[in-house]
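Each remark here refers to the structure printed beneath this line.
None of the values given here were measured: they were computed from a predicted structure. Every chain is numbered from 1, with letters handed out A, B, ... down the list of sequences.
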There are 2 protein chains.
Amino acid sequence: MRELYPDGVFPEACPSRTLLDHVMSKWGVLVLLALSEGEPLRWSEVRRRAQGVSEKMLAQTLRTLASDGLVERHARPVVPPHVEYFLTPAGEQLAGHLVPLMQWIAGHAGEVDTS
Amino acid sequence: MRELYPDGVFPEACPSRTLLDHVMSKWGVLVLLALSEGEPLRWSEVRRRAQGVSEKMLAQTLRTLASDGLVERHARPVVPPHVEYFLTPAGEQLAGHLVPLMQWIAGHAGEVDTS
DNA sequence: CAGTATCCCAACCGATACTG
DNA sequence: CAGTATCGGTTGGGATACTG
């Protein structure tokens with residue numbers, strides 16, 4: 001992993017920093033995780049799974065992840081509207097790394113020693 | 001990975017959410033990554049590697065990660081002060097998951113289609 | 001060297017109301 | 001249903017100055 005540190009880590013103002021911030025953001029991880037099972041989810045279903053997210057932040061997060069090429073939006077022009085979100089191939093690759101990490105965190109929370 | 005979604009993801013106000021936020025925070029990931037090579041690093045060295053971090057945020061991040069049991073601080077009582085930080089076994093486990101993720105992100109930044 | 005203390009601004013973000 | 005618009009407060013976080 002030395003390759004990651006030429007002289008620092010993720011140099012400032014580098015595109016990787018931006019992507020890192022999007023993916024690692026409070027709601028970004030939860031949305032990616034929610035979609036990590038492969039099945040497309042509707043807006044309301046994503047919202048239900050990312051417990052606590054506001055409409056505003058959900059919209060913003062989905063737009064950001066979509067423009068990063070990780071999530072895709074598909075709207076069926078019916079009324080009432082039916083919109084689905086799912087991971088792109090890139091998003092699935094990312095989720096492949098993200099899910100084990102989240103599982104570790106879920107498993108180790110509460111075991112912290114607050115010394 | 002179904003186990004992660006009993007009815008939602010990382011239920012609100014759950015300890016796992018807190019740990020998640022600490023680990024995934026802007027500077028948390030960079031500090032963990034900086035320490036992921038195993039060798040203890042001095043304050044100034046951590047700061048150099050997590051390019052762009054302010055003294056305030058570095059102190060806060062290190063304290064948080066330490067109280068989460070992921071990072072340990074060791075101060076040698078000499079003058080001038082010599083302090084080292086390194087990952088705990090738990091921190092190393094976590095880094096084992098984090099590093100591949102960061103490598104993927106570093107590798108895929110810039111390939112985004114900003115449609 | 002390795003921090004702490006203080007000030008202060010900006011952005012994040014939640015709440016609410018409204019719309020196609 | 002699936003959003004957008006607007007407002008306002010809380011807090012993240014930078015700059016600077018100071019200390020053991």
Problem - Closest heavy-atom pair and its distance - A/S36, A/L87 - result: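 Looking at all heavy atoms of both residues, the shortest contact is CA-CD1, 3.9 Å.
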Exercise for the section: Please report the closest heavy-atom contact between B/H22 and B/L65, naming both atoms and the distance. Expected result: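 Closest approach of B/H22 to B/L65, heavy atoms only: O-CD2, 4.4 Å.
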Problem - Nearest-0.5 Å distance that lies between atom CG in B/L19 and atom CZ in B/R17 - result: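 It comes to 12.5 Å.
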Problem - Interatomic distance, B/S25 atom OG to B/L20 atom CG [nearest 0.5 angstrom] - result: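 Going from the OG atom of B/S25 to the CG atom of B/L20 covers 10.0 Å.
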[X] has an atom [atom1]; how far is it from atom [atom2] of [N], in whole Å?
| X | N | atom1 | atom2 | value |
| --- | --- | --- | --- | --- |
| B/M57 | C/dA11 | CE | C1' | 14 Å |
| A/K56 | C/dC12 | NZ | P | 9 Å |
| A/Q51 | C/dG14 | CD | C1' | 16 Å |

Exercise for the section: Select base, sugar-phosphate, or nothing to describe what A/R63 touches, counting heavy atoms under 4.0 Å on all strands. Expected result: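 A/R63: backbone/sugar contact only, no base atoms under 4.0 Å.
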Practice task
Name the first nucleotide and the last nucleotide along DNA chain D (5' to 3') that come under 4.0 Å of a heavy atom in chain A.
Solution key: D/dC1 to D/dC7
Fill in the blank from the handout: Given Watson-Crick and G-U pairs under 3.5 Å, DNA chain C in dot-bracket ([ ] crossing, | other strand) is ||||||||||||||||||||
Does [X] reach the main-chain N or O of [Y] with its side chain, forming a donor-acceptor pair under 3.5 Å?
| X | Y | result |
| --- | --- | --- |
| B/R47 | B/V53 | yes |
| A/T88 | A/G69 | yes |
| A/S16 | A/F10 | no |

Exercise for the section: Begin with the C-alpha distance, continue with both residues' side-chain angles, and end with the deciding distance and a verdict on side chain to side chain contact (heavy atoms under 4.5 Å, CB included) for B/Q93 and A/H108. Expected result: CA-CA 11 Å; B/Q93 276 186 35; A/H108 289 255; 3.7 Å; yes
Handout entry: Residue whose closest nucleotide on DNA chain D lies nearer the 5' end, B/S25 versus A/E55
Key =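 Residue closer to the 5' terminus by nearest nucleotide: A/E55.
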